Amino acid sequence: MASPVPDDCIDPGAPAGPSALSAFSRRDICGGIAGLSFASLAGIATAAVGDTAPTRFGPPQSFSWEELTALVRRLAAKPYEAAASTPGAHDIDFDAAGKLIYGPATPLTGTVRLLPVNRYAPAPVKLNVLQGGQARPLLSSKGLFAGGAEARPAGFRVLNARAEGDWLSFMGASYFRTAGAQNQYGISARGIAVDTALASEEEFPAFTEFWIETLSDSAMRVYGLIDGPSLVGAMRFDNSTGPDGVVQDVTAVFAMRKDIKRLGIAPSSSMFWYDQTSPDRTPDWRPEIHDSDGLAIVAANGEHLWRPLRNPRHPRTNAFSVTNPRGFGLMQRDRRFTDYQDDGAFYDRRPSLWVEPIGDWGPGAVMLYEFPTDSETTDNVTAFWVSDTPARAGGYHEWRYRLRWTSHDPSSAAGARLVDQWNGAGGIPGAAARQDTHKLVFDFEGESLAGLDRSSGVAAVTNLPAAAVLAQAAYPVVGAAKRWRVMLDVRPAAITQPEFRLFLQHKGAALSETVIEPVAV
């Protein structure tokens, strides 16, 4: 079992696809530096660009979003050239990376600190400091790492105003993440996903160059250039942090070098090991371990969907067709410390990541991919949007969206939402358990349930076949306001579908979100 460690360290950018993720953990580098404290950052230097040696930065160069997108088109017309790994990067393990990352050092600019190449992110990136439409490229990293060391940068992180921790980081492939509202890293995002969860090998385009513009202590604009065998892209991030978490307004453009079977927009990667519904108990003592516990989707027609996450016995992919979604994302709804009992990793503090499309994305699907894991150190869940319009060679596409890294649930509305769930043996309590029957229990909570009682005519609606449902009940939970429980006794042998739908209804109107409950996992 991996030791629980604070996940407020560096994201090495672990792949999220079937070909590579199972062999790589985005938390591997965290394990070796977990004992280091952000208190060591108290003596950080705050030298501005103009205070550094003349050889630190190159001469100013004109920069604009239009120039960057023009570069994307030019590069897409050329053959792909893979970035070379830095010699010796594979020798930089946990401890060696920690020594370079933590401790007093000169920032790149303002509160921006560098992250070194290492065995998990061996390819360096180019960095530029942007001010007033002029970009100055970084030429030398001497003194920008702890202890005055010099190394090739693989990414960067942004410290908060008091240098007590960092709230934003970019490192490895096209990965980035934030610490959300409770200063706790968890779920990661990617710039783009290429052929995730297909029989063919997944491709991992990578950020190769960044332009960083500090706007204030709590706001930063970042531009990134992405390159890969099948596409070239540019992304603009307007990042801001506040009491409710981190918001990123994203504009992304991609030019296709090749046809792409599955192009994933606004992808995120997370971990789900187990919760109270897991059929097989694990050897770990903690009641639950997961970064996210469900996928939420809000459709254009206002329908709210909730798909609880699972740690399946075999890889599985779900596609939820929706045109012009209002939002989707991997959520961490369970915020009770007692459900995790982890005072090191603090899974109750992990941020949810909500994607809000800007403009019409058209017809497509939100895809969810899950595969088995027996560890909390492997991201085994990813979600992203796939357009019905094919990604063809020579194509050029733009997407705009907002990312909210928050401890609130942006998918919540006036209707009730699923807040708890349990599984067990079917039958009547106190009587012999029925071995051919499972009991499924769902608790919904929300304002739409206020004032309703057993005589109100509230019903649980499912699309299970009649032969599969042996008993069904929906009723208010005693002593819990605005909370209703649904109990189903089902016969698994009579269920042939991979999942079923469940929601609460009153007088023909939905009172709750629709739960998409997986059956065969």
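These values consider heavy atoms only, across backbone and side chains, with no hydrogens, waters or symmetry-generated copies. Keep in mind the model is a prediction, meaning the values are calculated, not measured. Note that the numbering runs from 1 along the sequence shown for the chain.
Under 3.5 Å, the side chains of S407 and Q182 contain a donor-acceptor pair of N or O atoms. For the residue pair T377/S375, the side-chain donor-acceptor check at 3.5 Å is satisfied. With no hydrogens or angles considered, a side-chain donor-acceptor pair links Q248 and W405 at under 3.5 Å. Side-chain contact of N318 with E499: a donor-acceptor pair under 3.5 Å is present, judged by distance alone. Q421 and E517 form a side-chain donor-acceptor contact under 3.5 Å, judged by distance and modelled atom types alone. Of the N and O atoms on the side chains of T378 and N380, not one donor lies less than 3.5 Å from an acceptor on the other residue.
No close placement of the F337 and Y347 rings is indicated, their centers lying 6.0 Å or farther apart.
Take T241 and apply the side-chain hydrogen bond (donor to acceptor under 3.5 Å, both in side chains) test, not counting sequence neighbours, and it matches no residue. Contacts of D217 classified as side-chain contact (heavy atoms from CB on, under 4.5 Å), with partners at least two apart in sequence or in another chain: A161.
A salt bridge does not link D195 to R262: none of the charged side-chain nitrogens sits closer than 4.0 Å to a carboxylate oxygen. Between K439 and D489 there is a salt bridge, since at least one side-chain N of the basic residue sits less than 4.0 Å from a carboxylate O of the acidic one. The existence of a salt bridge linking R190 and E202 is confirmed by a sub-4.0 Å separation between a basic side-chain nitrogen and an acidic carboxylate oxygen. Checked for salt-bridge contact, R310 and E370 miss the test: no charged N lies under 4.0 Å from a carboxylate O. Using a 4.0 Å cut-off between charged nitrogen and carboxylate oxygen, R286 and D342 count as a salt-bridge pair.
Within a 6.0 Å sphere centred on CG of D436, heavy atoms belonging to other residues, nucleotides or ligands number more than 12.
Classified by interplanar angle (parallel below 30°, tilted 30° to 60°, perpendicular above 60°), the ring pair F170/F237 is perpendicular.
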Practice prompt. Might you work through the side chain to side chain contact (heavy atoms under 4.5 Å, CB included) test for H506 and L452, ending with a clear yes or no?
Written response: CA-CA 10 Å; H506 180 234; L452 299 174; 4.0 Å; yes
Practice prompt. Kindly indicate, with the supporting measurements, whether the criterion side chain to side chain contact (heavy atoms under 4.5 Å, CB included) is fulfilled by L263 and V194.
Written response: CA-CA 5 Å; L263 185 67; V194 177; 4.3 Å; yes
Worksheet item: Going through the checks in order, is the ring-ring contact (aromatic ring centres under 6.0 Å, His included) test met by F328 and F320?
Response: CA-CA 11 Å; F328 65 93; F320 304 94; over 10 Å; no
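Relative to the six-membered ring of W306, R333 meets both conditions, a distance below 6.0 Å and an angle of at most 45° to the axis.
Of the candidates F207, F210, F176, F156 forms a ring-ring contact (aromatic ring centres under 6.0 Å, His included) with just one, namely F210.
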